[in-house]
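See below for the structure under consideration.
Note that the structure is a prediction, hence the values are computed from the model and not measured. All values below were derived from every heavy atom in this structure, side-chain atoms included, with hydrogens, water molecules and symmetry-related copies excluded.
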Amino acid sequence: MAVCARLCGVGQSRRCRRRQRHNQQDQGSDSDMDEEEEEQIVGQKRGDVGGGGPKSGGGVGSTAGPSIACEYGSCHVNRGGSLDRASTGPPHPQSLAELPPELLVEIFSLLPGTALPNVALVGKKFRQILNTETIWRRRCTEEFGMKDDLRKMEVGGVSSRDLYVKLLHPYRHILGLWQPDIGPYGGLLNVVVDGLFIIGWMYLPPHDPRVEDPMRRRPLFRIHLSENKKAAVECMYGHKGPHKGDIQTGKKDEFSTKCNQTDYHRMPGGRQEEFRTWLEEEWGRTLEEIFHEHMQELILMKFIYTSQYDNCLTYRRIYLPPVMPSDLLHPGLFKGTYGSHGLEIVMLSFHGTSARATKLTGDPNVPAGQLTLDVDLSRPVVLPDLEHQRSIEELSRLVLGIHAEVQREEQAKDTSATARGAAEGACGDASAAEGVEEDRVTCSDRCQPGPSSRTSPPEAQPFVLPLGVMARNEVYPRTCRKCFYGTGLIAGHGFTSPERTPGLFVLFDEDRFGFIWLELKSFSLYSRLTDNLAHAYAPDMERFEAMLCSMQSWTS
């Protein structure tokens with residue numbers, strides 16, 4: 001290798017080597033032989049370059065001494081005097097296929113699973129290497145969070161490759177959050193990899209009015225590898241255990257479930273027993289314990305409506321809102337009290353100077369998907385002392401004063417827009433362009449996020465509900481951070497005559513907020529849903545806002 005390095009210009013120069021040879025003449029050994037061999041090869045190379053072939057006296061055929069072949073970084077000495085051009089070392093790889101198998105395994109393990117089918121099309125060698133369990137074990141771990149479950153699975157005779165190729169990869173599109181199409185009631189479904197299964201968990205609010213209790217979960221379906229290593233879908237609805245089901249994925253961001261054995265949903269005691277069981281699970285009490293007649297009617301109506309689906313439902317994808325530094329608090333999902341309708345799930349998101357709560361579950365008055373709360377963060381409300389907070393008249397005076405101001409500003413904008421439209425018609429395209437630019441600047445100013453409240457959280461101030469305001473949960477915080485003007489959506493049965501009415505948004509802490517509905521003289525308390533929801537966040541704000549618009553159209 002030393003000779004090869006010198007030939008390539010990396011080692012010592014020939015003058016330096018001669019000086020070293022003169023200093024070591026008394027040590028005539030193999031090192032001298034190497035110098036002589038090198039001189040022959042150097043002369044031979046010069047002859048080849050200069051004359052196109054071997055020369056007498058310095059060429060390959062004119063010497064009986066040994067010769068050296070150097071190719072691809074390896075050298076071979078032929079003591080017989082002829083140059084052996086065949087390299088004894090491995091050549092540099094000219095393509096990816098020439099890399100050692102262990103290196104290819106490492107490279108393929110870094111690729112996303114969606115790219116591996118195309119890699120297998122390259123050739124037989126790549127297909128064989130893709131049978132290595134290390135590759136698929138790493139894909140299952142990095143893409144789906146599986147660790148200990150893989151060891152249990154492999155002990156049972158199921159390979160990581162089969163699990164990925166036949167279960168995880170085909171059904172990866174249904175992982176995440178979904179809203180079922182159950183008329184006005186909606187819902188929240190979370191599809192996750194759970195052990196060796198893909199399970200669809202329906203998230204249910206706590207029993208009314210315990211808003212700060214954890215969410216309840218009910219499995220609706222599961223998918224797993226059967227004994228013949230094929231994906232099997234099972235319906236989990238009812239009380240008789242898993243049974244045959246089906247999942248269909250047609251449109252983007254949408255899929256449907258179907259139960260093939262609905263008799264598993266029936267109970268021996270008929271619909272009456274089914275209703276009692278459902279009521280115990282949904283409300284945590286019997287119908288006799290619910291004394292409010294209107295509430296009994298709403299509960300019975302919901303059971304009749306929802307039970308007709310028999311777990312044959314269509315689901316549409318929903319996203320959690322992106323987190324921005326200027327957000328008043330961390331956006332996400334909250335459980336809230338809604339009077340006789342019980343607890344419902346809303347999604348809190350921030351849009352510039354506006355905070356919005358959108359219903360994921362709903363009721364016959366205001367269905368799922370509608371904007372239940374719209375809060376103007378540019379209009380804070382300064383609460384009076386505790387004595388005056390107890391007066392509903394004082395609170396109404398503060399909030400309705402801001403409401404009247406907002407209405408005047410909106411009327412002024414409408415008048416200005418009408419006048420500007422007339423001016424644009426008279427002045428031509430130039431004036432129209434100026435109007436568009438003015439709108440753009442105005443919108444830009446209005447939509448700029450305010451200063452972040454997280455950097456310096458305000459001091460807590462005393463808070464108490466006004467007398468005469470009804471609260472399902474009287475255990476609410478007695479201090480708050482900030483209050484803002486906002487509007488809440490109310491409507492008649494069947495979402496008739498919907499209107500936005502003024503109210504007060506109360507921020508208690510990072511995980512709780514409330515809203516006082518002035519017209520209804522009612523208070524809703526909201527508590528954060530703390531479950532870990534994977535595969536749920538929107539890729540960007542544009543995608544999230546498009547989803548919100550779609551949600552409203554689903555139930556409008």
Task: Test side-chain hydrogen bond (donor to acceptor under 3.5 Å, both in side chains) applied to S354 and D374, step by step - done: CA-CA 7 Å; S354 175; D374 191 1; 2.9 Å; yes
Mind running salt bridge (charged side-chain N to carboxylate O under 4.0 Å, His left out) on R408 and E405 for me, showing each step along the way? CA-CA 5 Å; R408 287 194 298 269; E405 180 183 348; 5.2 Å; no
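Seen from the ring of Y338, K359 counts as a face-on cation partner, given the 6.0 Å and 45° thresholds.
Of the candidates W283, Y185, W278, F303 forms a ring-ring contact (aromatic ring centres under 6.0 Å, His included) with just one, namely W278. When each of K302, R271, E274 is tested with S307 by the rule side chain to side chain donor-acceptor pair (under 3.5 Å), just one qualifies, namely R271. Of the options F515, W517, F505, Y476, a ring-ring contact (aromatic ring centres under 6.0 Å, His included) to F523 is made by Y476 and by none of the others.
Rounded to the nearest 0.5 Å, atoms CG (L313) and CD (Q179) are 12.0 Å apart. With rounding to the nearest 0.5 angstrom, the CZ atom of R356 is 8.0 Å from the CG atom of L548. Expressed to the nearest 0.5 Å, how far CG of L189 lies from CE of M202 amounts to 5.5 Å. Remark: L168 CG to L196 CG distance equals 9.5 Å, nearest 0.5 Å. Atom CG of residue D246 and atom NZ of residue K258 lie 7.0 Å apart, to the nearest 0.5 angstrom.
A donor-acceptor pair is defined here as one N or O able to donate and one able to accept, closer than 3.5 Å; such a pair exists between the side chain of N311 and the backbone of L220.
Taking the six-membered ring where the residue is Trp, the centroids of F255 and Y315 are separated by under 6.0 Å.
Using modelled atom types and a 3.5 Å distance limit, the side chains of R500 and T487 yield a donor-acceptor pair. Side-chain N/O atoms of H243 and E234 include no donor and acceptor closer than 3.5 Å. Donor-acceptor pairing under 3.5 Å is recorded for the side chains of S349 and H351.
Of all the heavy atoms in E510 and L329, the pair that sits closest is O-CD1, 3.3 Å.
In this structure, F484 and V381 have side chains that are not in contact, with every pair of non-hydrogen atoms separated by 4.5 Å or more. Within the 4.5 Å cutoff, the side chain of R172 has heavy atoms near those of the F144 side chain.
Under a 4.0 Å N-O distance rule, the pair K335/E212 does not qualify as a salt bridge. Between R316 and D181 there is a salt bridge, since a side-chain N of the basic residue sits under 4.0 Å from a carboxylate O of the acidic one. One finds no salt bridge joining R276 and E273 here, because no Lys/Arg side-chain nitrogen approaches an Asp/Glu carboxylate oxygen to under 4.0 Å. For D310 and R266, the salt-bridge test passes: some basic side-chain N is under 4.0 Å from an acidic carboxylate O.
No more than 12 heavy atoms of other residues, nucleotides or ligands lie within 6.0 Å of CZ in R390, so this atom counts as exposed by the packing criterion.
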